[in-house]
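Take a look at the structure set out below.
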2 protein chains.
Amino acid sequence: MKISKKTDYALRALFTLVQQYSQGRPISIGQLARRNDVPKRFLERIMLEMKVKGWVTSVMGKQGGYVLAKSPEEITVGQVIRHFDGVLSPIGCVSVHQYERCNQEVACRFRRLFLEVRNHTTGLMDAATLARVNDGKPVQPEEVYSMDLIGGAGI
Amino acid sequence: MKISKKTDYALRALFTLVQQYSQGRPISIGQLARRNDVPKRFLERIMLEMKVKGWVTSVMGKQGGYVLAKSPEEITVGQVIRHFDGVLSPIGCVSVHQYERCNQEVACRFRRLFLEVRNHTTGLMDAATLARVNDGKPVQPEEVYSMDLIGGAGI
DNA sequence: CTATGTACGATTCGACAAGTCGTATATTAA
DNA sequence: TTAATATACGACTTGTCGAATCGTACATAG
Ligand code: SF4
Ligand code: SF4
């Protein structure tokens, strides 16, 4: 499951809105774009999609902008990824929403591996509400490399 | 991390070779293609890449074909995916082999989520030798849906 | 010496990610 | 009232990549 820029940008904007949530004042597209390093016109598209989804609302006119439409506990990262990137499964034969049949299924040995990945990933993503994730700490540089010294393989 | 057809085809062929490994006789491209439902000319390309990688060897001439070049314990699914699809990370900022810097890293809240996915995925994939995976059972139809009844979200 | 195989560069074809543009419309401060 | 500041939204561009196909050269067992 590859995360597209679009999804990444959407999440950046959402978390900015979460952090502004208590304050109640809307943030303009311009501000969102600048603070998160996203092309403004592109972000416009993205916010529009999220508005249709009911995650944000917009306030028009001067002093207008965007506000989170739901409480941060009600939106999960999984929902966002699923909307923009379509699917969390690494391959069609273990997907529910976009299942693709494969005639090798009955004999396939490695399908189980993908199923395990999918189960773990969805578990994590669907438990990740904006509220919970926002309370976590940013990743420290060393953490990125931690696994690789063990496996020797990397990434 | 999306699994491409190419990777999937490569794995199908490899596991066929694993199952033939004890026998020592080569299998022709034609047979591999038919048994695994892969376009023949396309598989040709793929086998060639795997030969360069040292995973398989080819025997030319009549009665020729392909044989596994290493023992099934020495090849992991992780290696195969990494070769054909480049990367196991869901996003560049948590990748080691193809790290892409992002200027939001120091403040980013959801990066940790992707790091966790990456860690679990690589752990699984790098522990999955062809031998070990080949000894597992195929997935039963119900298993695909198991998670979704809990999370309510699917995939 | 030919049937049956692999070797390999070149090429096609379509889909999709990422981003841009132009213009219409809404709201409010001055 | 109107200028300034917003969002709304369809159309368009551009590049990359997955997936696959072709043509032809070469190897060797029988
Ligand atoms: S070969 Fe196995 S993993 Fe690949 S699509 Fe078919 S069932 Fe799924
Ligand atoms: S915004 Fe966060 S998750 Fe996205 S690329 Fe930057 S650091 Fe990684």
Side-chain angles (χ1 to χ4, degrees), chain A residues 1-13 17 25-34 36-69 81 83-87 90-92 98 100 102, chain B residues 1-13 17 25-34 36-69 81 83-87 90-92 98 100 102:
Chain A
M1 169 227 38
K2 173 87 195 314
I3 305 295
S4 65
K5 295 262 186 207
K6 208 169 170 182
T7 305
D8 196 38
Y9 292 161
L11 288 172
R12 294 186 199 186
L17 293 186
R25 269 179 37 213
I27 311 182
S28 74
I29 282 262
Q31 292 223 348
L32 280 174
R34 216 172 320 113
N36 294 298
D37 194 28
V38 177
K40 191 180 156 190
R41 301 297 305 265
F42 193 25
L43 185 57
E44 211 172 84
R45 309 271 44 222
I46 295 168
M47 297 311 289
L48 195 53
E49 275 187 68
M50 294 208 280
K51 188 186 172 181
V52 172
K53 264 285 172 182
W55 296 329
V56 300
T57 46
S58 62
V59 181
M60 284 199 119
K62 206 172 172 178
Q63 309 293 344
Y66 285 94
V67 192
L68 212 58
I81 299 179
H83 174 254
F84 285 106
D85 289 345
V87 105
I91 196 164
Q98 295 189 30
E100 282 174 66
C102 168
Chain B
M1 169 225 36
K2 173 89 195 315
I3 304 295
S4 66
K5 295 262 187 210
K6 209 169 172 183
T7 304
D8 195 37
Y9 292 161
L11 289 172
R12 294 186 199 186
L17 294 186
R25 268 180 38 216
I27 310 179
S28 74
I29 282 265
Q31 292 223 350
L32 280 174
R34 214 172 322 110
N36 294 298
D37 194 27
V38 178
K40 190 180 157 191
R41 301 297 305 266
F42 193 26
L43 184 58
E44 212 172 83
R45 311 267 50 219
I46 295 168
M47 296 310 289
L48 195 53
E49 275 188 69
M50 295 209 279
K51 188 187 173 182
V52 172
K53 264 285 173 183
W55 296 330
V56 301
T57 45
S58 62
V59 181
M60 284 201 121
K62 206 172 171 180
Q63 309 294 344
Y66 285 92
V67 192
L68 211 59
I81 299 180
H83 174 253
F84 286 107
D85 288 346
V87 105
I91 196 164
Q98 295 188 30
E100 283 174 64
C102 168

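Note on naming: letters A, B, ... go to the chains in the order of the sequence lines (proteins, then strands), and numbering restarts at 1 for each one. Since this is a predicted model, take the numbers as computed values, not measurements. Scope of the values below: all heavy atoms of this structure, side chains included, with no hydrogens, waters or symmetry mates.
- Leu43(A) has its side chain out of reach of Arg12(A): every pair of non-hydrogen atoms, C-beta onward, lies at least 4.5 Å apart.
- Across the protein-nucleic acid pair, Asp37(A) atom CG and dG19(C) atom C1' stand 14 Å apart, rounded to whole Å.
- When side chains are defined from C-beta on, Tyr66(B) does not count as touching Pro26(B), because their heavy atoms never get closer than 4.5 Å.
- Phe84(B) comes within contact range of no nucleotide atom at all, as no heavy-atom separation falls under 4.0 Å.
- Nearer to the 5' terminus of DNA chain C, by closest-nucleotide assignment, is the contact made by Asp85(A) (compared with the other of Asp85(A) and Lys40(A)).
- Between Tyr9(A) and the phosphate of dA18(C), there is no side-chain N or O to OP1/OP2 separation shorter than 4.0 Å.
- One can place NZ of Lys5(B) at 18 Å from P of dG14(C), the figure rounded to the nearest angstrom.
- When the side chain to side chain donor-acceptor pair (under 3.5 Å) test is applied to Thr57(A), no partner is found at least two apart in sequence or on another chain.
- A heavy-atom distance below 4.5 Å is found between the side chains of Ile46(B) and Lys6(B).
- Counting to the nearest Å, the P atom of dG18(D) and the CD atom of Glu49(B) are 11 Å from each other.
- Each of Lys2(A) and Val59(A) was matched to the nucleotide of DNA chain C holding its nearest heavy atom; the match closer to the 5' end belongs to Lys2(A).
- Between the CD1 atom of Ile91(B) and the P atom of dA17(C) there is a distance of 14 Å, rounded to whole Å.
- Closest to the side chain of Ile29(A), from the set dT21(D), dT6(C), dT7(D), is dT7(D).
- Across the protein-nucleic acid pair, Gln63(A) atom CD and dA6(D) atom C1' stand 10 Å apart, rounded to whole Å.
- Atom CG of Leu43(B) and atom C1' of dA7(C) are 14 Å apart (whole Å).
- As judged by a 4.0 angstrom heavy-atom cut-off over every strand, Gly30(B) is placed among residues making no nucleic acid contact.
- Between Ile3(B) and Asp8(B), the shortest heavy-atom contact is CG2-N, 4.2 Å.
- Here the side chains of Met50(B) and Phe84(B) are in contact, with some heavy-atom distance below 4.5 Å.
- The nucleotide whose nearest atom lies closest to any side-chain atom of Lys62(A) is, among dG19(C), dA29(C), dA20(D), dA29(C).
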List, with names and distances, any nitrogen or oxygen atoms from the protein found under 3.5 Å away from nitrogen or oxygen atoms belonging to nucleotides 8-13 of chain D.
| from | atom 1 | to | atom 2 | distance (Å) |
| --- | --- | --- | --- | --- |
| dA8(D) | OP1 | Lys51(A) | NZ | 2.4 |
| dA8(D) | OP1 | Ser58(A) | OG | 3.1 |
| dA8(D) | OP2 | Tyr66(A) | OH | 3.0 |
| dC9(D) | N4 | Glu44(A) | OE1 | 2.9 |
| dG10(D) | N7 | Arg45(A) | NH2 | 3.3 |

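- Heavy-atom minimum distance, Met47(B) versus Leu17(B): CE-CD1, 4.1 Å.
- Of all nucleotides listed (dA20(D), dT5(D), dG19(C)), dA20(D) comes nearest to the side chain of Phe42(B).
- Of all nucleotides listed (dA29(D), dT7(D), dG18(D)), dT7(D) comes nearest to the side chain of Ser28(A).
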